[in-house]
Amino acid sequence: MTQAVLEKERIKKQSSNMKRPFVLAAVMLAMFMAAIEATIVSTAMPAIVGELGGFSLYSWIFSSYLLMNAVTVLIYGKLSDLFGRKPVLIFGISVFLVGSILCGLVNSMEWLIAARFVQGFGAGAVMPVASTIVGDIYSKEERAKIQGYLSSVWGISAIMGPAIGGLLVQFVSWRFVFWINIPLGLLAIAGLVLYLHEDVERKKHSIDYKGAFLLFASICTAMVVLVEGGIRWPWLSTQILFLTAAAILSFVLFIRQEKRAKEPMMPFEIWREKSIFIANMTSLTTGVMLIGISSFLPAFVQAVMGQTPIVAGFTLTAMSIGWPIAATVSGNLLLKIGFRTTSVIGGIALIAGSLVFFNLSPDDGPLWAALGSFIVGIGMGMTTTAFIVSIQSTVSWEQRGSATAANMFMRTLGNTIGAALLGGILNTRLQSYFNKQGINESVNLDSVNQLLSSESASKLSNEAIQALKAGLTQSLHSVYMVVFAFAIISFLLVLNLPKERKKA
């Protein structure tokens, strides 16, 4: 029997033992819980810093969560292949809820960072395993449509997150921003316990503990380098060089271990499949684009265009509207024109959207910025949906968790690389502008913060404001030039996707 026939038999058997709509609802609830966390916490951060202090640790509130999410996503993916999706996802949600409770109880920024580590440790299981469950219980034809539903979770969370966060901070307490996860997580666990029934082959597994440790050590040290390099420590400092060497050494040892392991944590043979390799590399490059736009667009709209934070937020929300719309359309296109053509259309949209940012000027206004954001969202929705459906259709059940997790990990890695790379370009270009204009004594990089506050900006002279706006415009132009370059790379990668083989 072919893999496709075996897959249909497995899905048919599972479908007879479960209520798929309830399982899908539980999965979407778990994904919504993790997705809304990013936007809702961002909204509450000013209030959190105002009460707890520790502004210098601001970035670590996000970095700690991202770090643990990235280092565990591949491990959870493999564990779900070994022991089934249900126990791994329930464990991840439970740890996430424990972290959420702790976040709402802390009294210092240091303890909040520690609690965010716990949250991230659980969140690493949610996205990849939830997406894998959908791949398990739906056929290839059904997955294309269902992935559109899953993508809509991101759009809804992006729109609702800031609103819910603002209401909770203003009328209740910032602590409820974390505690709101508790009922959502408990409902998701109940749905999984009651309705998800798996047929997992019971056998003794050889868990690759050594590979998991080496992978954890490699990614963890690499992420610290990318997050702290050029900020806390200079790029050529002893600390950065030591951590870089440790990351490279542990990764080399990890590859060596995976070639020896009976059941490797990362089955490298799946990367030999051309469609999976290209999908993962494109996810890396689009991850760089995504962080470049989401991190720096609000600063441009607010500081250079002089718009309010609400307007700046709207320009990003446009991306979250375009993404689920395109994901839904992509689901239908996949069945008609195939993975490759759908991905190429998405690649064209990525280039078009990044071209808008590349030519963005202070006089264009926020609507033009929102248009670019919306078009990039179209491109992301088209490509990510095509990639996930393609990957899950290429591998067997025993490798689907690892393959799905690998794709999500590459996008997260792209986000982290992009944050370090583009942040470094912004700071370097801005400092260079100040030096060239001979105004580095009156304004500096920290002066940019004052532009983001109307009260602080009023204390600056007109000359300083104009210098800061001009420097920021020029620097962000360089950032978006790099974003455009990554859009081109993404499109070229997509063009190399193999044409879909016609199956009898």
Side-chain angles (χ1 to χ4, degrees), residues 35 38-40 42-43 151-152 154-166 286 288-330 345-384 418 422 426 430 448 451-454 457 465-466 468-488 490-491:
T39 53
I40 202 170
S42 298
T43 306
S151 295
S152 68
W154 290 95
I156 294 169
S157 67
I159 295 169
M160 292 181 63
I164 295 173
T286 54
V288 175
M289 290 181 59
L290 196 59
I291 199 70
I293 294 168
S294 59
S295 294
F296 302 116
L297 181 60
F300 186 85
V301 173
Q302 202 173 333
V304 178
M305 292 183 175
Q307 300 294 329
T308 64
I310 293 176
V311 173
F314 159 74
T315 60
L316 270 188
T317 301
M319 184 191 295
S320 301
I321 295 172
W323 193 319
I325 291 173
T328 303
V329 174
S330 177
I345 294 172
I348 293 171
L350 290 174
I351 291 176
S354 59
L355 196 58
V356 172
F357 292 116
F358 180 70
N359 292 296
L360 196 63
S361 72
D363 299 325
D364 288 330
L367 285 177
W368 193 247
L371 175 64
S373 187
F374 179 81
I375 297 173
V376 169
I378 294 289
M380 292 298 296
M382 284 283 184
T383 54
T384 53
L422 300 176
L426 178 71
L430 196 54
V448 177
L451 279 181
L452 298 173
S453 169
S454 56
I465 291 175
Q466 293 306 315
L468 285 169
K469 285 187 175 182
L472 198 56
T473 300
Q474 188 180 99
S475 303
L476 285 171
H477 181 73
S478 298
V479 168
Y480 289 128
M481 187 185 299
V482 176
V483 168
F484 178 69
F486 273 96
I488 297 292
S490 301
F491 180 69

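Side chains of V479 and F357 form no contact here, defined as non-hydrogen atoms less than 4.5 Å apart. Residues F491 and L350 form no side-chain contact, since every pair of their non-hydrogen atoms from C-beta on lies 4.5 Å or further apart.
T383 places no side-chain N or O within 3.5 Å of a backbone atom of G346 that could act as its donor or acceptor partner. A distance-only check finds a donor-acceptor pair linking the side chain of Y480 to the backbone of L297 [under 3.5 Å].
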Please step through side chain to side chain contact (heavy atoms under 4.5 Å, CB included) for the pair V311 and M305, ending with a clear verdict.
-> CA-CA 10 Å; V311 173; M305 292 183 175; over 6 Å; no
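In this structure, F358 and F484 have parallel ring planes: the angle between them is below the 30° cut-off, well short of the 60° mark.
When every heavy atom of A326 is checked against every heavy atom of G377, the shortest pair comes out as CB-O, 4.3 Å. Between A349 and I378 the shortest heavy-atom distance is CB-CG2, 4.1 Å.
Taking the ring pair (Phe, Tyr, Trp, His ring centres under 6.0 Å) definition, one finds that F486 meets it with nothing, sequence neighbours left out. Applying the ring pair (Phe, Tyr, Trp, His ring centres under 6.0 Å) test to F374 and every residue at least two apart in sequence or in another chain returns nothing. Residues forming a side-chain hydrogen bond (donor to acceptor under 3.5 Å, both in side chains) with N359 (at least two apart in sequence, or on another chain): none.
Interatomic distance, I321 CD1 to T317 OG1, rounded to the nearest 0.5 Å: 6.5 Å. Interatomic distance, CD1 of I351 versus CD1 of I375, reported as 12.5 Å (0.5 Å rounding). Once rounded to the nearest 0.5 Å, the distance linking OG of S490 with CE of M380 reads 8.5 Å. Considering CH2 of W323 and OG of S330, their distance stands at 12.0 Å, rounded to 0.5 Å. To the nearest 0.5 Å, atoms OG1 (T315) and CD1 (I293) are separated by 10.5 Å. Annotation: the span from H477 atom NE2 to L360 atom CG amounts to 10.5 Å, rounded to 0.5 Å.
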